[in-house]
Amino acid sequence: MLNNSSSTRIATYNVNGISARLPVLLKWLEETQPDIVCLQELKAIQENFPEKAIRDLGYNVIWHGQKSWNGVAILAYNEEIKEIRRVLPGDPEDVHSRYIEAFVGDLLVGGLYLPNGNPAPGPKFDYKLGWMKRFETHTNELLKQNVPVVLCGDYNVIPTEKDVYKPERWVDDALFRPESREAFHQLTNKGWIDALRKLYPDETIYTFWDYFRNAYGRDAGLRIDHFLINPMLENRLIKAGVDRHVRGWEKSSDHAPVWIELAK
DNA sequence: ATGCCATTGATACAATGA
């Protein structure tokens with residue numbers, strides 16, 4: 001395909017507002033040419049998604065917008081997207097646009113924007129933990145299926161102390177609280193593979209730098225955007241990385257794009 | 001401990017984010 005005919009590049013990018021981010025998004029897509037992209041935090045109603053600009057680059061796209069907050073999308077270059085669901089099962093009352101899932105070729109792709117959960121404790125933290133429980137239930141179902149699965153997005157979880165510039169500052173934060181980390185580790189315990197950690201077990205890897213306090217300049221980052229892949233894909237995982245330089249662009253998101261490459 | 005910045009938008013002396 002685009003990057004390399006022998007591999008598929010899948011990327012995830014929390015854009016923090018698709019309207020404000022469109023020039024940066026298009027520039028990054030043209031520069032890195034991923035085959036499949038999951039976007040989070042569209043912060044736009046369904047009608048305001050820039051469908052034409054995305055399609056003009058050769059991507060098919062499905063998305064689930066929401067006024068002001070949340071919103072997720074899946075893009076696929078020159079490949080059909082077969083939508084499976086656009087809601088995380090398990091709670092009919094939950095109307096946040098935080099999950100979208102589709103087949104792209106033989107690959108099942110889930111894009112997620114997991115709740116932030118601050119302040120903790122409180123109702124927002126309860127919502128986060130409830131969402132994670134529902135997510136685990138759903139991923140258990142996915143593990144039973146005999147298909148390759150990629151679950152990527154903004155997990156809003158710092159998995160370990162290695163994944164934050166100053167752990168002691170984050171102990172009471174919903175992203176780093178033991179409950180959040182344990183819920184994330186439940187997933188890896190069940191067989192999901194944290195793709196970037198698998199390839200880089202000891203490196204410091206960040207995917208987010210706060211807009212405050214010159215966080216990017218100081219490299220005061222967090223690793224909260226993740227790729228979980230099922231065991232079927234373990235031997236096809238060949239590369240992974242963070243497009244850190246995009247975080248340094250004018251008008252960038254506070255997240256950087258993250259990607260993996262799978263052998264065909 | 002707080003604010004620091006950025007985005008969306010009953011354009012706010014707000015709400016949310018991480």
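First the proteins, then the strands, lettered A, B, ... as listed; each starts at 1.
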Could you tell me whether [X] and [Y] make a salt bridge, using a distance below 4.0 angstrom between a side-chain N and a carboxylate O?
{"X": "A/Lys133", "Y": "A/Asp91", "result": "no"}
{"X": "A/Glu179", "Y": "A/Lys128", "result": "no"}
{"X": "A/Arg21", "Y": "A/Glu41", "result": "no"}
{"X": "A/Lys264", "Y": "A/Asp35", "result": "no"}

For [X] and [N], what is the distance between atoms [atom1] and [atom2] respectively, to the nearest whole Å?
{"X": "A/Lys124", "N": "B/dG17", "atom1": "NZ", "atom2": "C1'", "result": "9 Å"}
{"X": "A/Tyr113", "N": "B/dT7", "atom1": "OH", "atom2": "C1'", "result": "11 Å"}
{"X": "A/Lys251", "N": "B/dC5", "atom1": "NZ", "atom2": "P", "result": "14 Å"}
{"X": "A/Gln66", "N": "B/dG9", "atom1": "CD", "atom2": "C1'", "result": "14 Å"}
{"X": "A/Gln40", "N": "B/dT8", "atom1": "CD", "atom2": "P", "result": "16 Å"}
{"X": "A/Trp170", "N": "B/dA1", "atom1": "CH2", "atom2": "P", "result": "14 Å"}
{"X": "A/Asp254", "N": "B/dC5", "atom1": "CG", "atom2": "P", "result": "14 Å"}
{"X": "A/Glu250", "N": "B/dA6", "atom1": "CD", "atom2": "C1'", "result": "14 Å"}

Classify [X] by what it touches in the nucleic acid, base, sugar-phosphate, or nothing, heavy-atom distance under 4.0 Å.
{"X": "A/Asp154", "result": "sugar-phosphate"}
{"X": "A/Asp173", "result": "nothing"}
{"X": "A/Lys128", "result": "nothing"}
{"X": "A/Ser19", "result": "sugar-phosphate"}
{"X": "A/Arg169", "result": "nothing"}

Subject >> Within residues 210-225 of chain A, residues whose heavy atoms come under 4.0 Å of DNA chain B >> reply: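 DNA chain B contact set from residues 210-225 of chain A: A/Tyr211, A/Phe212, A/Arg213, A/Leu222, A/Ile224.
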
Original post:
Of the nucleotides B/dA6, B/dG9, B/dA15, which one has an atom closest to the side chain of A/Ser68?
Top reply: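 Nucleotide nearest to A/Ser68's side chain: B/dG9.
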
With no hydrogens and no angle check, do the side chains of [X] and [Y] hold a donor and an acceptor under 3.5 Å apart?
{"X": "A/Glu101", "Y": "A/His138", "result": "yes"}
{"X": "A/His245", "Y": "A/Glu31", "result": "yes"}
{"X": "A/Lys43", "Y": "A/Asn16", "result": "yes"}

Taking only the [atom1] atom of each, what is the distance from [N] to [M] in whole angstrom?
{"N": "B/dG9", "M": "B/dC5", "atom1": "P", "value": "22 Å"}
{"N": "B/dA6", "M": "B/dA12", "atom1": "C1'", "value": "15 Å"}
{"N": "B/dG3", "M": "B/dT16", "atom1": "C1'", "value": "16 Å"}
{"N": "B/dA10", "M": "B/dC4", "atom1": "P", "value": "24 Å"}

Side chain to side chain, [X] and [Y], heavy atoms closer than 4.5 Å:
{"X": "A/Phe49", "Y": "A/Ile54", "result": "yes"}
{"X": "A/Trp131", "Y": "A/Leu112", "result": "yes"}
{"X": "A/Arg177", "Y": "A/Pro121", "result": "yes"}

Subject >> Syn/anti state of B/dC5 by chi, 90° boundary around 0 >> reply: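 Anti, angle beyond 90° from zero.
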
Subject >> Below 4.0 Å: OP1/OP2 of B/dA15 and any side-chain N or O of A/Lys67 >> reply: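 For A/Lys67, the contact criterion (side-chain N or O under 4.0 Å from OP1 or OP2 of B/dA15) is not met.
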
For residues 141-150 of chain A, dump all side-chain donor-acceptor pairs below 3.5 Å to protein atoms at least two apart in sequence or in another chain.
from     : atom 1 : to       : atom 2 : distance (Å)
A/Glu141 : OE2    : A/Lys144 : NZ     : 3.0

Original post:
Tell me, what's DNA chain B's dot-bracket, Watson-Crick or G-U with both distances under 3.5 Å, | for other-strand, [ ] crossing?
Top reply: ....((((.....)))).

Subject >> First encountered from the 5' end of DNA chain B, between A/Asn118 and A/Lys43 >> reply: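 Nearest-nucleotide comparison on DNA chain B picks A/Lys43.
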
